[in-house]
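Worksheet for the structure shown next.
Every chain is numbered from 1, with letters handed out A, B, ... down the list of sequences. Being a predicted model, the structure only gives us computed values, none of them experimental.
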Amino acid sequence: MIKLKKYIKENIKEKLKNEYPIEPSMLEITYTPQLKMGDLALTFPFQLSKKMNRKPRDLALEVIPFLSSLEGVEKINVAGPGYINIFLNRKKFFSRQLQSLNKSSLVPEEEKIIIEHTNINPNKAAHIGHLRNAVLGDTLGQCLKYKGEKVEIQNYIDDTGVQVVDVAFGFMDMEKKSLEDIKKIKGKFDYYCWDLYTRVFSFLEKNPQAEKRRSEILKQIEEGNNPEAEIASYISNRILKAHLRTMQRIGISYDILPRESSIIGLKFWKKAFYLLKEKKAIYLVNDGMNKGCWVMKLEKEDEKEKIIVRSDRTVTYVGKDIAYQLWKFGLLEKDFYYEPLFKENGKTIWITTHTPNTHSLQFGKGSLVYNVIDTRQSYLQKIVVQGLKSLKYLVQAQKSIHFSYEMVALSQKSLKELNLTISDEDKERNFLEVSGRKGLGVKADDLIDRLEEKALSEVNKRNPELASEQKAEIAHKIACGALRYFMLKFARNSIIVFDFEDALSFEGETGPYLQYTLVRINSIFRNLKEREGFDEKTIFTLISSNEISLDVLSESELVDFWDIVFHASQFEEEILHSIRSLEFSHLAKFSFNLCQKFNAYYHKYSILSEKNIGIKNIRILTIYYIQEVLKCVFSLMGIPQPERM
RNA sequence: GCGCCCGUAGCUCAGCUGGAUAGAGCGUCUGACUACGAAUCAGAAGGUCGCAGGUUCGAAUCCUGUCGGGCGUACCA
């Protein structure tokens with residue numbers, strides 16, 4: 001479709017350029033609201049009419065003779081006040097689509113793209129907000145890979161931040177536990193810390209004097225080689241593994257896990273600090289509130305200073321983030337050491353370390369960087385970009401993209417279901433922000449567990465004869481599909497007010513609806529094979545024989561055939577559009593719509609029982625085409641494809 | 001105060017760099033399993049696109065103002 005549009009556009013430009021003052025931007029090809037009007041539409045007569053001071057409809061009529069003999073175009077006519085509508089040759093179009101299946105027509109544009117996502121503080125269990133982040137980031141990565149880009153997925157581990165300190169403080173000072181005691185804790189460690197963290201938070205609120213001890217621990221951790229650092233490192237490592245397991249459940253993985261401790265240990269910040277000072281991007285404040293701090297000013301926002309280095313000479317998170325961002329572009333002249341963390345499906349996941357070793361690998365050095373971080377951190381992301389700009393890395397600043405999205409919040413109803421108590425003031429709100437500190441949130445594993453449980457009971461109803469392992473596997477795939485579609489169906493600027501009923505639904509606009517569509521198609525092909533020996537080979541010969549004739553179809557079936565095929569053929573445009581706007585709800589809605597069209601088609605037209613071979617073959621090719629398109633978009637969205645369900 | 005985001009059907013949301021009659025899902029009501037799997041489908045009801053201006057041949061979409069809501073504006077991340 002992309003190629004076809006390009007062809008038409010260039011041809012028309014060529015044919016009209018001598019007669020009319022036409023500009024390339026006028027030749028955007030759009031879709032008609034209804035296929036009976038035509039397949040593609042041109043609106044340039046409206047723009048031309050202004051320039052030439054003539055009626056758009058007259059211009060359109062006049063132009064049409066110039067447009068004849070376009071390859072693949074059946075006819076062209078004028079509609080309404082001056083639209084030029086193009087009707088494609090359906091047979092040619094369809095067989096071309098079938099032949100170009102699995103051949104991407106998208107072209108890569110970057111040397112290497114880095115995506116940073118997930119980034120969960122390793123001090124408590126992952127929650128639904130983290131799931132949104134990871135699903136968006138992963139989907140972006142899959143789409144870019146489809147486009148042919150070289151993609152590296154990074155998951156930044158803030159293992160030395162205050163959040164980990166808080167939990168270390170809880171273990172050491174509140175629970176009086178040694179490292180050995182902590183190691184003995186059985187069961188879900190991330191859940192244990194979830195509860196401990198909320199207790200620490202309320203303890204600190206009531207005992208402000210403990211603040212001193214807390215900053216002591218922070219310093220010890222940064223220095224290393226002491227019990228505090230050992231405990232913190234144990235906590236973050238164990239929780240990190242829990243997070244990775246959770247993400248594995250929904251099919252999300254990473255290439256490299258950069259650790260903050262490595263950034264500190266390898267003095268990345270020292271280097272960045274030197275650069276920033278040298279270019280006068282930051283300066284020391286001599287008096288006033290920020291006395292003794294190194295600060296940065298944000299462009300356009302006067303009077304506002306962002307502290308990068310605190311008066312006690314420790315660096316803030318943003319400072320480290322600037323250093324990290326510089327490293328991502330290969331601008332720091334420093335590199336991490338890497339060690340394998342574990343293997344996943346034959347692929348090694350690497351983690352950074354500051355201890356030298358012999359592994360020689362190359363990460364970073366991207367030409368484009370996406371940071372998937374929620375919109376509340378826009379200000380900090382701006383500071384990071386500002387840092388690059390101040391260092392005169394203008395290209396890199398422009399290629400630092402904050403993929404922002406709104407938070408996942410909790411509905412009052414879901415709070416009640418979780419038995420969470422909240423203040424009277426909060427009870428007035430429509431929704432409540434997830435808060436790790438207050439322990440307000442739905443843990444990712446809990447949600448996935450509930451989805452799997454529900455899916456399993458549905459599978460049991462429908463396929464009681466299957467082996468229990470098989471049922472569990474199907475239930476898992478359904479749970480994953482439901483969750484991932486749920487996270488993608490909302491536009492990224494829309495706050496998801498989490499509701500269990502919506503999230504656990506398997507009907508209507510949901511992941512399982514999409515999966516069910518594919519299962520139906522599988523079922524048809526399974527039957528075709530069992531009953532008639534009709535397999536993939538038969539389809540390939542059918543496609544390459546080029547003996548399909550659409551003439552056998554009735555008029556109304558031709559309409560339905562064309563509606564579904566034409567819609568499906570737009571999938572690559574949708575992928576591109578989703579990447580450009582970072583709006584994967586487009587891809588989600590597109591897939592859902594295609595499934596709706598298929599399900600309607602399915603009810604209307606039978607395949608196995610069709611006697612007319614010509615009609616039957618077209619129907620088979622049609623659903624084969626839909627199947628291939630669906631498989632492609634599902635895999636980009638990470639929606640698993642069970643054979644049956 | 002300043003910055004960013006949101007306001008579309010009873011509810012939850014789509015609606016592209018402006019394009020033809022504003023769409024889904026849920027819920028409500030009416031139908032369809034002796035059928036390639038009903039996790040489905042067909043149909044009905046439901047809208048002054050927050051409000052007011054402006055730009056345009058054309059505005060849910062762009063601009064300005066305004067009202068309502070959310071988030072950010074930490075020597076937390």
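Here A:T32 lies in heavy-atom contact (under 4.0 Å) with a base. If you check every strand for non-hydrogen atoms under 4.0 Å, A:A491 touches sugar and phosphate atoms only. Among the atoms of the strands shown, none is found under 4.0 Å from any heavy atom of A:D374. Contact annotation for A:P56: no contact, since no heavy-atom pair falls under 4.0 Å across all strands. Using a 4.0 Å heavy-atom cutoff across all strands shown, A:I478 reaches at least one base atom of the nucleic acid. Residue contacts shown for A:K291 include a base, since a base heavy atom lies under 4.0 Å away. Residue contacts shown for A:Q47 include a base, since a base heavy atom lies under 4.0 Å away. Using a 4.0 Å heavy-atom cutoff across all strands shown, A:V309 reaches no nucleic acid atom at all. Using a 4.0 Å heavy-atom criterion, one finds that A:R437 contacts the bases of the nucleic acid, with or without backbone contacts as well. Backbone-only contact: A:N527 has heavy atoms under 4.0 Å from sugar-phosphate atoms and none from a base. Here A:Y605 lies in heavy-atom contact (under 4.0 Å) with a base. Counting any heavy atom pair closer than 4.0 Å across all strands shown, A:N123 reaches no nucleic acid atom.
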* Where do A:I496 and A:F486 land on the side-chain contact (heavy atoms from CB on, under 4.5 Å) test, with the steps shown first? -> CA-CA 10 Å; A:I496 299 180; A:F486 184 78; 3.9 Å; yes
* To do: Determine, stepwise, if the pair A:M37 / A:Y31 fulfils side-chain contact (heavy atoms from CB on, under 4.5 Å).
  => CA-CA 10 Å; A:M37 299 173 177; A:Y31 295 101; over 6 Å; no
* To do: Please step through ring pair (Phe, Tyr, Trp, His ring centres under 6.0 Å) for the pair A:F592 and A:Y513, ending with a clear verdict.
  => CA-CA 8 Å; A:F592 173 65; A:Y513 176 95; 5.2 Å; yes
* For A:Y601 and A:F561, run ring pair (Phe, Tyr, Trp, His ring centres under 6.0 Å): C-alpha distance rounded to whole Å, both residues' side-chain angles, the deciding distance at 0.1 Å, then the answer. => CA-CA 8 Å; A:Y601 184 89; A:F561 155 84; 8.1 Å; no
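In this structure, the NZ atom of A:K382 is 15 Å from the P atom of B:rC2, given to the nearest Å. Whole-Å rounding puts the A:F598 CZ to B:rU40 P distance at 14 Å. B:rU8 atom P lies 15 Å from atom NZ of A:K589, rounded to whole Å. Following rounding to the nearest Å, A:R57 (CZ) and B:rA20 (P) show an atom-to-atom distance of 17 Å. Rounded to whole Å, the distance from CD on A:E509 to C1' on B:rC13 is 8 Å. At whole-Å resolution of the value, CD1 in A:I496 and P in B:rC6 are 15 Å apart. One interatomic measurement links the two molecules: CD of A:E530 to C1' of B:rC36, which rounds to 12 Å at whole-angstrom precision. The CD1-C1' distance, from A:I495 to B:rC71, rounds to 7 Å in whole Å.
Comparing B:rU12, B:rC36, B:rG72 against the side chain of A:E433 picks out B:rG72 as the nearest. Distance from the side chain of A:F592 is smallest for B:rG25 among the nucleotides B:rC13, B:rG25, B:rA42. Among the nucleotides B:rC71, B:rU21, B:rC41, the one closest to the side chain of A:N599 is B:rC41. Here the side chain of A:V459 is nearest to one of B:rC41, B:rA39, B:rG70, namely B:rA39. Considering only side-chain atoms of A:F46, the nucleotide from B:rC57, B:rC36, B:rC5 that sits closest is B:rC57. Picking from B:rG37, B:rC75, B:rC36 the nucleotide with the shortest atom distance to the side chain of A:C293 gives B:rC75. Side-chain proximity of A:E458 to the nucleotides B:rA77, B:rC13, B:rA39 is greatest for B:rA39. The side chain of A:P512 lies closest to B:rA39, out of B:rA14, B:rA39, B:rC41. Nearest nucleotide to the side chain of A:S606, out of B:rA39, B:rG70, B:rC36: B:rC36.
The same atom, P, is picked in B:rA39 and in B:rC33; the two are 15 Å apart, to the nearest Å. Here, B:rU17 and B:rC62 have their P atoms 8 Å apart, quoted to the whole Å.
Side-chain contact annotation: A:E62 with A:Y20, donor-acceptor N/O pair under 3.5 Å present. A:T160 and A:E260 form a side-chain donor-acceptor contact under 3.5 Å, judged by distance and modelled atom types alone.
For B:rU56, there is no paired base (Watson-Crick or G-U wobble, both distances below 3.5 Å). Across all strands shown, B:rC4 forms a Watson-Crick or G-U wobble pair, both distances under 3.5 Å, with B:rG70. Nucleotide B:rA39 forms a pair with no other nucleotide shown, judged by Watson-Crick or G-U wobble geometry with both contacts under 3.5 Å. Checking B:rG46 for Watson-Crick or G-U wobble geometry (two distances, each under 3.5 Å) identifies no partner in any strand. Across all strands shown, the partner of B:rC13 is B:rG23, judged by Watson-Crick or G-U wobble contacts whose two distances both fall under 3.5 Å.
Checking the phosphate oxygens (OP1, OP2) of B:rU17, no side-chain nitrogen or oxygen of A:H577 falls inside 4.0 Å. In terms of phosphate contacts, A:R429 brings a side-chain nitrogen or oxygen within less than 4.0 Å of OP1 or OP2 of B:rC71. In terms of phosphate contacts, A:Y485 brings no side-chain nitrogen or oxygen within less than 4.0 Å of OP1 or OP2 of B:rC13. Residue A:T316 places none of its side-chain N or O atoms closer than 4.0 Å to OP1 or OP2 of B:rA74. Here A:Y516 reaches the OP1 or OP2 of B:rA39: one of its side-chain N or O atoms lies under 4.0 Å away. Side-chain N/O atoms of A:R520 include one lying less than 4.0 angstrom from OP1 or OP2 on B:rA38. A close approach under 4.0 Å does occur between a side-chain nitrogen or oxygen of A:S523 and OP1 or OP2 of B:rG37. Proximity of A:R462 to the phosphate of B:rA39: a side-chain N or O atom is located under 4.0 Å from OP1 or OP2.
Heavy-atom distances to RNA chain B give each of A:G288 and A:K36 a nearest nucleotide, and the one nearer the 5′ end belongs to A:K36. Two residues, A:K604 and A:Q596, neighbour RNA chain B, and the one matched to the more 5' nucleotide by heavy-atom proximity is A:Q596.
Residue ring and nucleobase are stacked for A:Y83 and B:rA20, with a centre distance beneath 5.5 angstrom and an angle between planes beneath 30°.
Between the base of B:rA14 and the side chain of A:N593 there is no donor-acceptor pair shorter than 3.5 Å. On a pure distance criterion of 3.5 Å, a polar donor-acceptor pair joins the side chain of A:S311 and the base of B:rC75.
Here the shortest heavy-atom pairing between A:S591 and A:M637 reads OG-CE, 3.2 Å.
When each of A:I217, A:V315, A:I264 is tested with A:E222 by the rule side-chain contact (heavy atoms from CB on, under 4.5 Å), just one qualifies, namely A:I264.
In this structure, A:H577 has its ring center at least 6.0 angstrom away from the ring center of A:F590.
Once rounded to the nearest 0.5 Å, the distance linking NZ of A:K461 with CG of A:L456 reads 11.5 Å.
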